[in-house]
Every structure is written in C-alpha cells, then in structure tokens.
Number of protein chains: 2
Amino acid sequence: MDKEMMKGNIDLILLSLIAERDLYGYEMTKKLKRLSDEAYSMSEGTLYPALKRMERKGWVTSYWSAPEGERRKKYYTMTNEGETELERKQKDWASLHSLLHKARKSYDT
Amino acid sequence: MDKEMMKGNIDLILLSLIAERDLYGYEMTKKLKRLSDEAYSMSEGTLYPALKRMERKGWVTSYWSAPEGERRKKYYTMTNEGETELERKQKDWASLHSLLHKARKSYDT
DNA sequence: TTTTAATACATCGTATTACAAGGGTTCGTG
DNA sequence: CACGAACCCTTGTAATACGATGTATTAAAA
C-alpha cells in the first residue's frame, strides 16, 4: 500500500483503532504495520501531530500511564464527539465508495 | 457527503470518471454532483488545478473541441500511464478498506 | 432589448496536511 | 557499558483543497 493512499484518511484510521480500545502512540504504529501486512508504516512525524490535532478537536483525550516498573505511556481514548466524528467519517467513506462505483460503471451520462 | 472526505481522493475520482469516457471539466462537476445525489460539489478551484496536475504527471491528455455553433470545451482523455495509476489507486483503496475493516474488528491485539 | 443565469475555463492566496529529519529519554540485553 | 528498541515530540517543507475572483460566451427571461 502506497503511503499516498493514507492522505486524508489518517484521522479515520486512528479513530477506528482507538475506538476498539485505548492505545498509546507507538503501539498504533506497530499495530498498523501488522494489520497492513507490513505494507504501511505511519511515521511518528505523522502520528503525533495527528493525535494532538484530534485531541484539540475533542475527538480523543489522553492520559499517562506509568505502572510500577513500566515506562510511561500516553494512552488515547475516545470521546463521545470522537465517536460521532467516526460515524460521520464512516458514512462519508461509504458515500465515496458508492460514488466511485457509479463513476466506474458510467451510471449515467 | 462532506467535502473533507474527498481530500486525498480527488485524483482517484477524476481518473475514474475519465476512464469511462472523455469528459470536459465543467461536465465533471455536474456529473459528480448528480452521481452523489447533489451531496458533493467539486469547486472549480479544486478541479482545474487537479486536471493540470494530472496532465503534468502524464495521466491524462487534453484536446479542445469546438464544433460548429458550439462553444469550445477542453476534453480530457486517459493515457496508459493514467490507467496504470488508476489501477494502483484502486488497489490502494482496497487495501485501505481492508485495513479499516481489521481495525474496527480488533483483528489482533 | 436589456438583464440575468448558466456554461465554461482559469488563477491566486490561504489553511491544512503528511512526512522526513531530527532531538530526547528510558529500558533491556549482550 | 554500549547499543538498540521502545517511547515521545517538534520543525521545516512540499503538496493539496478550496474559497474568492476574473473573464467570455450563450440561452433564457423580463
């Protein structure tokens, strides 16, 4: 998968991940790599600013976790607004999918 | 459909349209609006620079048509490179779709 | 006939975005 | 102790989407 394909969809990807369970940043990069069969690596220069952005928009919140003997990790968790936004993005995604389908099939003149 | 959803997918959309048959710019905006049930309007400030960009990249070529009594229109047509690029983008799109699916389903830990 | 709306192409300035490159700390293992 | 992996972050740059704006031409309405 070309990295270009991620453009414009970073937030949707991250929201989808975080919706499942709380994750910390570094973990997200590893998970994405695994889920894409090593095809896609999200650079940290993309990830961390994106997380900040989403937190600023109120879609996620974060908390530090530092259990005994473990190093600190910054976990991100979903807000209600984030869930709303995710649903919106999923709908948009479906609409775009449908639009592309129609375009390919020359649905009308 | 929110306009935001188009970000990063403009080229894919336009290539999909042009792959079906030669089209001129203004026609593309109308067709997209129709295909999306009036939900999406591609602004001309988005469209024309995008067409120029794709022509520069060799994905499409253009020709002017000015039949007797009709006003001039600039038609765009697909190149072989454009078809290759379209296939590449379609594959990427499918990969992203799969990735999102796996993210939602908590496919792994 | 004058005005208005639609058709058709284009550019410019701005805000946003993705990312490579870099910086830093902490921890485990050889 | 050295080294790499785990973890977080910022800065600068290039590309992108789009609103605003400009210019002609043609069709329709007033």
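Every chain is numbered from 1 and lettered A, B, ... according to where its sequence line falls, protein lines coming before strand lines.
- Phosphate contact (OP1/OP2 of dT11(C), side-chain N/O of Tyr48(B), threshold under 4.0 Å): absent.
- Counting to the nearest Å, the C1' atom of dA5(D) and the NZ atom of Lys33(A) are 13 Å from each other.
- To the nearest angstrom, P of dA8(C) lies 12 Å from CG of Leu23(B).
- Side-chain contact, Ser65(A) with Lys73(A): no donor N or O sits under 3.5 Å from an acceptor N or O.
- Side-chain N/O atoms of Lys30(A) include none lying less than 4.0 angstrom from OP1 or OP2 on dC7(D).
- Map Met42(A) and Glu70(A) each onto its nearest nucleotide of DNA chain C; the residue landing nearer the 5' end is Met42(A).
- For Arg53(A), no side-chain nitrogen or oxygen approaches OP1 or OP2 of dT16(C) to under 4.0 Å.
- Side-chain contact check for Ser62(A) and Glu55(A): at least one donor-acceptor pair (N or O, by modelled atom type) lies under 3.5 Å.
- Judged by distance alone, the side chains of Ser43(B) and Thr46(B) do bring a donor and an acceptor atom under 3.5 Å apart.
- Between the side chain of Glu44(A) and the base of dC8(D) there is at least one donor-acceptor pair of N/O atoms closer than 3.5 Å.
- Rounded to an integer number of Å, the gap from CZ of Arg56(A) to P of dC9(D) is 14 Å.
- Applying the side-chain contact (heavy atoms from CB on, under 4.5 Å) test between Leu15(B) and each of Lys89(B), Glu83(B), Glu87(B) identifies Lys89(B) as the sole match.
- Listed nucleotides dT16(D), dC9(D), dC18(D) differ in distance to Lys57(B); the shortest reach to its side chain belongs to dT16(D).
- Lys91(B) has its side chain out of reach of Leu86(B): every pair of non-hydrogen atoms, C-beta onward, lies at least 4.5 Å apart.
- Dashed line: the shortest gap from a side-chain N or O of Arg72(B) to OP1 or OP2 of dA24(D) is not under 4.0 Å.
- Side-chain nitrogen and oxygen atoms of Tyr26(B) include none within less than 4.0 Å of the OP1 or OP2 phosphate oxygen of dC9(C).
- In this entry the distance linking OH of Tyr24(A) with P of dT26(C) reads 17 Å, nearest Å.
- Remark: Lys73(A) is in phosphate contact with dC7(D), judged by side-chain N or O atoms under 4.0 Å from OP1 or OP2.
- Taking only side-chain nitrogens and oxygens, Thr46(A) comes nearer than 4.0 Å to OP1 or OP2 of dC19(C).
- With rounding to whole Å, Asn9(B) atom CG is found 19 Å from dA15(D) atom P.
- Within the nucleic acid shown, Gly25(A) comes within 4.0 Å of sugar-phosphate atoms alone, with no base atom in reach, counting heavy atoms only.
- Each of Pro49(B) and Gly45(A) was matched to the nucleotide of DNA chain D holding its nearest heavy atom; the match closer to the 5' end belongs to Gly45(A).
- Across the protein-nucleic acid pair, Leu47(A) atom CG and dC9(D) atom C1' stand 11 Å apart, rounded to whole Å.
- Taking atom NZ of residue Lys52(B) and atom C1' of nucleotide dC12(C), one finds them 13 Å apart after rounding to whole Å.
- Whole-Å rounding puts the Arg71(B) CZ to dA27(D) P distance at 9 Å.
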